[in-house]
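Below you'll find the structure, written out as structure tokens, and then a few comments.
Both counts, for ligands and for their atoms, begin at 1 and track the order of listing. Numbers here simply count residues along the sequence, with the first being 1. Heavy atoms only: backbone and side chains are in, while hydrogens, waters and symmetry mates are out. Quick caveat, the model's predicted, so the values are computed rather than measured.
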Amino acid sequence: MKKIGSLLAAMAVVTGMSAQNHTFDINASKIGGAIPSTMYGIFFEDINYAADGGLYGELLINRSFEFPNNYAGWTISGKVSLKNDGPFNKNPHYVRLAPSGHNDKHTMIENHGFFGIGVKANAEYRFSVWARCPQGGKSKIWIDLVDNATMSDDQKLGNAGIDIEGKEWKKYTVTIKSKKTFAKAHLRVWGDSKVTTDLEHVSLFPVDTYKGHENGMRKDLAEALEQLKPGVFRFPGGCIVEGTDLATRYQWKNSVGPVENRPLNENRWHYTFTHRYFPDYYQSYGLGFYEYFQLSEEIGAEPLPVLNVGMSCQYQNGIEHEDEVHVPLDQLQPYIDDCIDLIEFANGDPAKNKWAKLRADMGHPAPFNLKYLAIGNEQWDYKDNPAFTKRLKIFVDAVRKVHPEIKLIGTTGPNSEGFEFDILQPRMKELGADLYDEHFYRNEEWFLGKAKDKSGKRLGGANRYDNYDRSKKAPKVFAGEYACHGKGKKWNHFNAALMEAAFMTGLERNADVVEMATYAPLFAHVEGWQWRPDAIWYDNLRSFNSCSYYVQQLYSLNKGTNMLKLTMNGKPVAGNDDQDGLFASAVWDKNTSEYIVKVINVGDKAQDVTFNFKGLKKGEYTTTLTSFHSDNLDAENTLDAPTKIVPVTTSIKVAAPTNSISVPARTFQVFRIKK
Ligand code: AHR
């Protein structure tokens with residue numbers, strides 16, 4: 001966040017007053033209920049090359065030669081053959097480099113990475129490979145990081161050699177330093193001996209991963225997550241939890257244990273959209289459930305895994321052949337076991353449970369303290385067939401019996417309203433779900449609450465949760481996927497972020513009903529995206545945060561600890577017709593003794609606002625003001641201009657009991673008023 005001088009900021013708050021004044025009554029003497037620590041979180045799905053080619057630090061594609069086209073991502077030169085009786089039974093393929101017959105006839109395999117391999121000058125890269133000399137003896141391989149496009153007389157950016165010895169498979173590791181920064185490097189492995197050599201699981205990671213883990217995460221991307229200070233971390237999807245069909249659903253048990261033996265899975269996003277088609281998009285599961293739990297812990301978020309409810313994607317498969325495309329009710333046990341075993345993997349005693357033991361063997365004997373489990377992603381019922389809830393009930397009963405301490409999350413389907421939502425919302429209550437997951441990718445009108453259904457009922461907007469069921473048995477809300485998809489403007493322009501900021505005042509005001517909310521999707525590779533907008537974008541070397549990211553961050557860093565009532569003429573400030581495009585909410589932070597007021601003006605005129613603090617002693621209060629603004633609503637951050645639109649923070653004084661300000665047009669402001 002940028003800081004500017006206080007004089008400039010003070011001018012910004014006193015100039016440009018509009019005709020009408022708006023008085024916000026803030027009840028500072030009555031601290032409301034607690035704001036859940038999980039309130040603002042993140043949702044990770046391997047879409048847009050978010051895992052392989054993104055957050056997961058592996059730089060080589062198809063490292064185990066398991067893609068359907070076994071040489072996908074590789075260029076082969078010389079006598080190379082494919083074998084399938086390797087040391088890892090779930091990834092049996094490997095390559096054999098025959099001896100070079102003649103000095104000039106080299107044998108070489110070259111990997112092009114994910115849209116190239118990004119390397120930085122003087123940075124170190126850890127190359128590893130499982131290898132052997134099947135006929136015995138000793139051989140040598142050379143590993144070159146290369147720039148194929150260079151005009152210089154040497155393509156090598158860095159290089160190292162490895163001596164391989166004996167008939168047994170062994171893991172060999174060497175570190176290579178890059179001479180220069182280059183986003184599109186390739187990695188070559190040369191056979192250089194008269195002895196046949198087998199290579200399996202060929203891998204390259206930056207040494208400098210997030211927290212230094214060998215099977216680690218790309219540092220800048222993981223740090224961007226950490227800087228969001230997320231309260232909850234939902235993973236691994238999304239639609240990939242369901243799979244296009246059951247065979248390709250995400251299976252967490254395949255994603256744990258040694259990385260070399262985690263089987264490849266299809267990634268449905270490679271073919272979901274023919275206009276954004278990526279045939280080389282698979283899931284290596286290198287970023288698996290152990291890594292997700294570890295990352296949750298390291299960024300300080302509650303882990304929230306989502307597991308399959310015995311249903312494949314309903315968009316794709318519908319219900320017509322229910323027992324073929326979904327799991328018949330009497331065959332759900334393995335799926336239920338997945339839930340119960342996952343709770344053991346996360347929390348169990350290694351001395352008593354094999355999944356807990358696996359966690360300990362992987363390096364984390366202490367429990368991960370899993371508290372939430374979501375069952376099913378975007379599932380729904382049909383009028384004459386409760387396809388989803390009849391399955392979910394079986395899961396809920398079975399899991400509750402052994403793990404009543406875990407909060408279970410159902411869903412209200414893929415839409416924020418409509419027949420699926422209307423059927424599912426009451427059913428989630430009947431089933432006793434602790435929370436339900438709502439999804440809404442909607443346009444500006446919806447986010448501002450201007451959209452209406454056929455009966456004229458207002459949809460969406462900051463009022464959405466004002467009248468939700470607050471009875472004891474009603475599940476809490478998990479707004480698990482949402483983003484403003486501007487009409488015809490599906491990118492991360494400032495306006496979409498402003499709509500989200502306005503909408504989120506309603507989450508904050510209703511923190512007694514909404515327990516968590518996660519923007520979606522999280523990541524996108526600029527060369528490999530299928531879906532936008534997204535919170536964080538990157539290429540192989542650089543990354544930037546979208547405007548929507550900053551809105552999420554402003555809420556998360558300013559979430560406070562308790563609700564505080566803020567009204568205008570007795571009503572919430574939620575963009576109502578007589579409120580001139582203003583949205584506002586307030587919280588109290590007991591840790592820092594600050595009142596935090598958020599004000600959003602979505603209109604094109606500055607608006608005069610008076611804060612009227614009830615119960616705050618007369619005086620001037622030191623205040624931090626953060627403003628997020630762009631004159632151009634279509635503007636966005638980019639790789640080349642990553643900080644074009646960022647929040648700007650300054651110090652001002654706010655007077656009590658009343659203080660007048662002018663909120664500039666198209667601006668999101670956060671006031672932290674120190675008591
Ligand atoms: O976030 C992208 C997709 O949107 C998710 O996979 C799915 O749950 C939703 O339809």
Do [X] and [Y] have side chains that approach each other closer than 4.5 Å (heavy atoms only, starting at C-beta)?
X: L307; Y: V241; value: no
X: Y210; Y: D220; value: no
X: L55; Y: F44; value: yes

Open item on the list: What I want to know is whether P521 and ligand 1 share at least one N or O pair that is separated by under 3.5 angstrom.
Closed with: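 N/O-N/O distance under 3.5 Å: no.
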- [ ] Check the pair K490 / D534 against salt bridge (charged side-chain N to carboxylate O under 4.0 Å, His left out), numbers first and verdict last.
- [x] CA-CA 10 Å; K490 286 194 187 174; D534 308 286; over 6 Å; no
Open item on the list: Using a 4.0 Å heavy-atom cut-off, which part of N377 comes near ligand 1: side chain, backbone, both, or neither?
Closed with: side chain
- [ ] Please write down residue, atom name and distance for the protein heavy atom closest to atom 1 (O) of ligand 1.
- [x] Y441 OH, 2.7 Å
With a cut-off of 4.0 Å, which atoms of ligand 1 are near a heavy atom of [X]?
X: E378; result: 7 (C), 8 (O), 9 (C), 10 (O)
X: W269; result: 6 (O)
X: W531; result: 2 (C), 3 (C), 4 (O)

Task: Distance flag, aromatic centroids of W269 and Y281, threshold under 6.0 Å - done: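 Between Y281 and W269, the centre distance exceeds or equals 6.0 Å.
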Open item on the list: Please compare E242, R268, E481, E45 and report which has the shortest non-hydrogen distance to atom 9 (C) of ligand 1.
Closed with: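 Looking at heavy atoms only, E481 sits closest to atom 9 (C) of ligand 1.
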Open item on the list: Run the salt bridge (charged side-chain N to carboxylate O under 4.0 Å, His left out) test against R63 and tell me which residues pass, sequence neighbours left out.
Closed with: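 Counting only residues at least two positions away or on another chain, R63 forms a salt bridge (charged side-chain N to carboxylate O under 4.0 Å, His left out) with E58.
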